[in-house]
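In what follows, chains carry the letters A, B, and so on, assigned in the order in which the sequence lines appear, proteins first and then strands, with residues in each chain numbered from 1.
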Protein chains: 2
Amino acid sequence: MTEQVNLAQLVARRSSVVDLEDVCPVRSVISQVGDKWSTLLLGSLAEKPYRFGELRRLVPDISQRMLTQTLRDLQRDGYVERQVFPTKPPSVEYRLTPLGRALVDALQSLVDFALANHAAVVEARQRFDAENN
Amino acid sequence: MTEQVNLAQLVARRSSVVDLEDVCPVRSVISQVGDKWSTLLLGSLAEKPYRFGELRRLVPDISQRMLTQTLRDLQRDGYVERQVFPTKPPSVEYRLTPLGRALVDALQSLVDFALANHAAVVEARQRFDAENN
DNA sequence: CAGGATCCAAAAAGATACTG
DNA sequence: CAGTATCTTTTTGGATCCTG
């Protein structure tokens, strides 16, 4: 049974001496998940394994540089597995690890929140921008 | 009853013609939450309302420029409310709105994931870095 | 006290060209 | 096909000085 810790307690815990990333598990996770492409790639791979080129087509705006780098970061954190098939030309398949799948599950409540409240956020933004010309 | 939509479906939905932020509610939310200070401030404000200077002391590494800016963004999105007391010198209090409270709640499962799996992530990183010299 | 304004350094991301 | 390398642009964040 894992202890329940909320955000507030977590803030209280953190130290200012060392780097935030190192001391705060939440930031360590979110800073990766929060980057520009990670959620999109995780979402794609949640469906099924894909190859490099397929991912590129699924997320057309991404540059191949960012695709390489983001996949690499996801792999580094243990969310994604990379399997090379020594064909000619080579093909590489990416798939979610169990940890990656757990992350996607944890993301779900945030996805639900976003879908349920996106309109409210957009409206809040418009009102704010209108009020502050 | 809100429909359940998972990340994969969401990816399938998005269009590449318009800006990601506009079309993808998840990215619209996460890109704000994923920045360097938002979670820390939300976590602080989840406890109780605070004034500008108090927040500054609670999150000592933050510069007042970033504190101002992050609070402003959170306010703009409707997560945080700003109340000015016309004392002299003035004091300003920040508090979570109901929407902000809902966001903090939605963040909880990610917090749980992070706490439960942070060690695994760190280990994965070390292994990855070792293998790729 | 709670910021606004400016300037500057660093990091992230895009474009393009090249390779096993 | 699946990248790497390099260059440039954009974004982010910090430091400092100023004000109602």
Tell me if the NZ atom of B:Lys48 is crowded by more than 12 foreign heavy atoms within 6.0 Å. yes

Can you find a pair of side-chain heavy atoms, one from A:Phe52 and one from A:Thr68, that are under 4.5 Å apart?
-> yes

Notebook entry, point to check: Is there side-chain contact between B:Val92 and B:Phe85, with at least one heavy-atom pair below 4.5 Å?
Noted result: no

Kindly point out which of [options] is positioned nearest to the side chain of [X]?
{"X": "A:Pro89", "options": "D:dG20, D:dT4, D:dC1", "value": "D:dC1"}
{"X": "B:Arg65", "options": "C:dC1, D:dG3, D:dG14", "value": "D:dG14"}
{"X": "A:Arg82", "options": "C:dG3, D:dG3, C:dG14", "value": "D:dG3"}
{"X": "A:Gln64", "options": "C:dA2, D:dG14, D:dT4", "value": "D:dT4"}

For [N], does OP1 or OP2 lie under 4.0 Å from any side-chain N or O of [X]?
{"X": "B:Lys36", "N": "D:dG14", "result": "yes"}
{"X": "A:Arg51", "N": "D:dC1", "result": "no"}
{"X": "B:Arg57", "N": "C:dC1", "result": "no"}

Distance check needed: [N] [atom2] versus [X] [atom1], whole Å only.
{"X": "A:Asp61", "N": "C:dA13", "atom1": "CG", "atom2": "P", "result": "14 Å"}
{"X": "A:Tyr94", "N": "D:dC1", "atom1": "OH", "atom2": "P", "result": "14 Å"}
{"X": "B:Asp35", "N": "D:dT11", "atom1": "CG", "atom2": "C1'", "result": "12 Å"}
{"X": "B:Glu54", "N": "C:dG3", "atom1": "CD", "atom2": "C1'", "result": "16 Å"}
{"X": "A:Arg72", "N": "D:dG3", "atom1": "CZ", "atom2": "C1'", "result": "10 Å"}
{"X": "A:Met66", "N": "D:dA2", "atom1": "CE", "atom2": "C1'", "result": "16 Å"}
{"X": "A:Ile62", "N": "C:dG14", "atom1": "CD1", "atom2": "C1'", "result": "11 Å"}
{"X": "A:Arg56", "N": "C:dG14", "atom1": "CZ", "atom2": "C1'", "result": "12 Å"}

TODO: Return yes if some donor-acceptor pair links the side-chain N/O of B:Thr97 with the main-chain N/O of B:Glu81 below 3.5 Å, else return no.
DONE: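 No.
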
*asked:* With a 4.0 Å cut-off on N to O distance, would you call A:Arg56 and A:Glu54 a salt bridge?
replied: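 No, no charged N to carboxylate O under 4.0 Å.
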
Exercise for review: Quick one: label A:Gln69 by what it contacts on the DNA or RNA (base, sugar-phosphate, nothing), any heavy atom closer than 4.0 Å.
Suggested key: nothing

